[in-house]
Amino acid sequence: MHLSSDCMKLDELGNLRRTHLSTEVSSKLAGKEVVVMGRVGDVRDLGGIKFFILSDISGSIQVTAPKAKVGKKLLAKIDGLTQESAVAVRGKVVAAKQAPRGVEVFPSEIRVLNLASVPLPLDPRGRVKANLDTRLDARALDLRRSESLAIFKIRHQALQTARNYFMSRGFIEVNTPKIVATATESGAALFPISYFEREAFLSQSPQLYKEVLTGCFERVFEVGPIFRAEEHDTPRHLNEAISIDIEVAYAAAEDVMKILEDLIVEVFSDVKRKCAEELKPLNHKLEVPKKPFLRVTYDEALKKLERAGVKVPWGEDLPTPAEKKLGELVDGAYFVVDWPMILKPFYTMPKKDTPKLSEAFDLMHKGLELASGGTRIHQEELLVKQLKQKRLNPQGFESHLQNFRAGLPPHAGFGLGLDRLTMVLTGADNIREVVLFPRDRTRITP
RNA sequence: GCCCUGGUGGUGUAGACCGGUCUAACAUGUAGGCCUGUCGAGCCUACGCCUCGGGUUCAAAUCCCGGCCAGGGCGCCA
């Protein structure tokens with residue numbers, strides 16, 4: 001019932017189309033008619049003259065309505081506007097020194113395409129801060145804030161740079177299934193789903209698929225979601241994340257570490273150069289790491305930590321406080337290499353001379369793990385041995401193992417967390433800030 | 001799951017330690033009014049809040065217990 005009366009107030013978009021983005025309206029167009037569309041910002045009514053700011057994805061433009069020059073119907077329409085409503089304005093461009101950008105539009109027609117209700121759950125202009133939880137509940141509105149917008153433009157740039165990087169180096173972009181039949185890796189927590197009459201799982205990583213694809217495409221990369229059913233509750237873990245995964249034939253750990261190094265430096269440089277405007281509202285100074293990144297062995301890391309008063313027994317993973325400590329001891333981006341085999345998954349290649357250690361690496365940035373990778377096993381016999389050692393049944397991996405009998409080449413690769421990378425690029429201290437609609441232990445909406 | 005901290009109008013905060021003076025303050029917002037150059041407009045008026053349940057007390061936003069929720073620290077994270 002409210003709906004019908006509200007709809008009565010609304011205008012149709014009809015055949016009207018935008019001729020200019022708000023920032024394309026310049027004083028050069030003075031005297032010309034333009035059609036701009038966007039969201040209503042501040043409305044200022046001075047009695048004899050009314051102003052409102054119209055914002056679109058490019059920026060904003062002021063719409064000015066002097067009583068003497070604009071009809072009563074239009075003035076009434078401006079009175080009825082609410083913050084964040086969607087409007088179309090047809091009008092004449094006027095150069096004016098007093099206008100915010102030296103140019104404004106005198107309206108001849110205003111169409112209220114959709115009226116925003118009041119009050120909104122948060123202020124998208126950001127004058128009054130809102131808690132992260134409140135913002136995530138109204139995420140699409142929150143994304144109109146300049147800080148949020150800046151974060152996702154930077155994320156977009158990182159993704160674009162990464163894609164360009166791989167494509168210019170002969171990588172083929174692939175999409176592997178996210179619905180998988182078995183829990184392929186150890187006792188890792190996977191989300192079970194119902195797949196017709198069978199149980200299936202959400203993929204935890206494209207690992208096995210990308211390895212197999214090196215046998216045909218040689219160099220592959222994938223940008224896609226990974227799902228982990230771990231009950232973690234931290235500012236750097238989500239249950240759905242985006243991973244940039246690569247796998248390269250005829251390569252070993254050091255080769256893909258160089259690729260990763262190059263990629264990181266290129267992404268940081270691009271963001272620093274092309275997203276200077278976006279970094280400003282985030283108040284973030286981006287430091288481009290220098291190549292080559294420091295290689296710290298697992299053993300060296302333990303020694304450094306012990307000297308700093310943090311004891312980690314050999315053969316154990318670095319607990320969070322140890323990771324953070326190491327991040328203080330070794331600044332910027334660095335690799336931790338030569339991990340004990342027991343800490344790495346079954347497909348990890350052992351070091352030839354010291355088989356207790358692996359050819360696996362982690363890329364760290366100030367204590368935060370951004371990527372992990374290494375040389376993979378390509379010989380079936382060794383892989384079966386490792387499966388058994390991890391107490392996995394090789395029979396469950398038959399469809400995977402058959403590829404190794406078809407002459408799968410030696411290969412190496414890594415998985416890089418796009419969300420964590422974006423955290424570092426934007427200075428965000430909570431991973432939820434850099435994900436449009438984050439999925440964590442308690443949140444599955446919006 | 002554990003530990004710490006918190007929950008006050010639509011939003012963000014103050015008040016709490018030391019119960020009464022709280023008929024709950026400030027900002028933003030919203031509604032109305034004045035104003036023909038505002039630009040985080042200004043001025044005037046109004047509207048709207050103590051997380052839920054229990055307890056202590058003459059008296060609870062304030063103290064105690066529990067629930068729920070959130071933030072941080074861990075754990076978990078092949």
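Any value given below was found using the heavy atoms of this structure, including those in side chains, with hydrogens, waters and symmetry copies removed. Just so it is clear: chains get the letters A, B, ... in the order the sequence lines come, proteins before strands, and each one is counted from 1.
In this structure, A:Leu29 and A:His20 have side chains that are in contact, with non-hydrogen atoms separated by less than 4.5 Å. Here the side chains of A:Val174 and A:Leu213 are in contact, with some heavy-atom distance below 4.5 Å. Side-chain atoms of A:Trp314 and A:Asp299, non-hydrogen and from C-beta on, do get closer than 4.5 Å to each other. Looking at heavy atoms from C-beta onward, A:Gln62 lies out of side-chain contact with A:Arg101 at the 4.5 angstrom threshold.
Among the heavy atoms of the strands, none lies under 4.0 Å from A:Thr348. At a threshold of 4.0 angstrom between heavy atoms, the contacts of A:Pro100 include nucleobase atoms, whether or not backbone atoms are also involved. Contact annotation for A:Gln83: backbone-only contact, meaning every heavy-atom pair under 4.0 Å involves sugar-phosphate atoms and none involves a base.
Each of A:Gln62 and A:Leu122 was assigned the nucleotide of RNA chain B with the nearest heavy atom; the assignment lying further toward the 5' end belongs to A:Leu122. Remark on RNA chain B: of its neighbouring residues A:Ala68 and A:Val118, the 5'-side contact belongs to A:Val118, judged by nearest-heavy-atom nucleotide.
Between A:Phe361 and A:Phe335, the distance separating the two ring centers is shorter than 6.0 angstrom.
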Inset, instruction - Quick one, give me the B/S/- string for nucleotides 69-77 of chain B, reading 5' to 3', where B means a protein heavy atom under 4.0 Å from the base and S means that only happens at the primed atoms, P, OP1 or OP2. - result: -S-SSBBBB

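What separates CZ of A:Phe106 from C1' of B:U38 is a distance of 13 Å, to the nearest Å. The nearest whole Å value for the distance from the CZ atom in A:Arg391 to the P atom in B:A78 is 18 Å. We find that CZ of A:Arg145 is positioned 15 Å from P of B:U11, with the value rounded to whole Å. A straight line from CD1 of A:Ile342 to C1' of B:A78 spans 13 Å, rounded to a whole angstrom. Residue A:Asp42 contributes atom CG, which lies 10 Å from atom P of B:G42 at whole-angstrom precision. A:Phe361 has its CZ atom 16 Å from the P atom of B:A78, to the nearest Å. Protein atom CD of A:Gln98 is 5 Å distant from nucleotide atom C1' of B:G37, rounded to whole Å. As a whole-Å value, the separation of A:Leu120 CG from B:G48 C1' is 16 Å.
Here B:A31 sits opposite B:U45 as a Watson-Crick or G-U wobble pair (both hydrogen-bonding atom distances under 3.5 Å). In this structure B:C26 sits in a base pair with B:G12, meeting the Watson-Crick or G-U test at under 3.5 Å. Pairing of B:U51, defined by two Watson-Crick or G-U wobble distances under 3.5 Å, is identified with B:G67. Under the Watson-Crick or G-U wobble criterion, with both distances below 3.5 Å, B:C74 is paired with B:G1. B:A61 is unpaired under the Watson-Crick or G-U wobble criterion, no partner having all donor-acceptor distances under 3.5 Å.
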Could you run down the sub-3.5 Å N/O contacts of the protein with nucleotides 24-28 of chain B?
none

Every protein N/O within reach of nucleotides 33-35 of chain B N/O, cut-off under 3.5 Å:
residue: B:C35; atom: N1; partner: A:Leu46; partner atom: O; Å: 3.4
residue: B:C35; atom: N3; partner: A:Asp45; partner atom: O; Å: 3.4
residue: B:C35; atom: N4; partner: A:Asp45; partner atom: O; Å: 2.7

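Here, B:A24 and B:C47 have their P atoms 11 Å apart, quoted to the whole Å. With P as the reference atom, B:C49 and B:U23 are 15 Å apart, rounded to whole Å. With both ends at atom P, the span from B:C63 to B:A14 equals 15 Å, rounded to whole Å. Taking atom P in both B:G15 and B:U8, the straight-line distance is 14 Å, to the nearest Å. Comparing the P positions of B:C64 and B:C17 gives a spacing of 9 Å, expressed to the nearest Å. Nucleotides B:U56 and B:A16 are separated by 26 Å at their P atoms, to the nearest Å. Rounded to whole Å, the separation between the P atoms of B:C76 and B:C18 comes to 39 Å. Nucleotides B:C52 and B:U62 are separated by 11 Å at their P atoms, to the nearest Å.
Side chain to side chain, A:Glu398 and A:Gln402 fail the donor-acceptor criterion of an N or O pair below 3.5 Å. Judged by distance alone, the side chains of A:Ser60 and A:Ser22 never bring a donor and an acceptor atom under 3.5 Å apart. If you check the side chains of A:Asp245 and A:Ser243, you find a donor sitting under 3.5 Å from an acceptor. Counted by atom type alone, A:Glu433 and A:Thr426 present zero donor-acceptor pairs between their side chains at under 3.5 Å.
Here the side chain of A:Lys210 pairs no donor or acceptor atom with the backbone of A:Ser205 at under 3.5 angstrom. Using modelled atom types, no side-chain atom of A:Arg90 and backbone atom of A:Glu33 make a donor-acceptor pair closer than 3.5 Å.
The nearest pair of heavy atoms linking A:Gly315 to A:Leu343 is O-CD2, 3.4 Å.
Listed nucleotides: B:U11, B:G10, B:U30. Nearest to the side chain of A:Pro119: B:G10.
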Inset, instruction - Begin with the C-alpha distance, continue with both residues' side-chain angles, and end with the deciding distance and a verdict on salt bridge (Lys or Arg N to Asp or Glu O under 4.0 Å) for A:Arg376 and A:Glu247. - result: CA-CA 10 Å; A:Arg376 327 295 193 184; A:Glu247 205 66 28; 2.8 Å; yes

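One finds no salt bridge joining A:Glu306 and A:Lys303 here, because no Lys/Arg side-chain nitrogen approaches an Asp/Glu carboxylate oxygen to under 4.0 Å.
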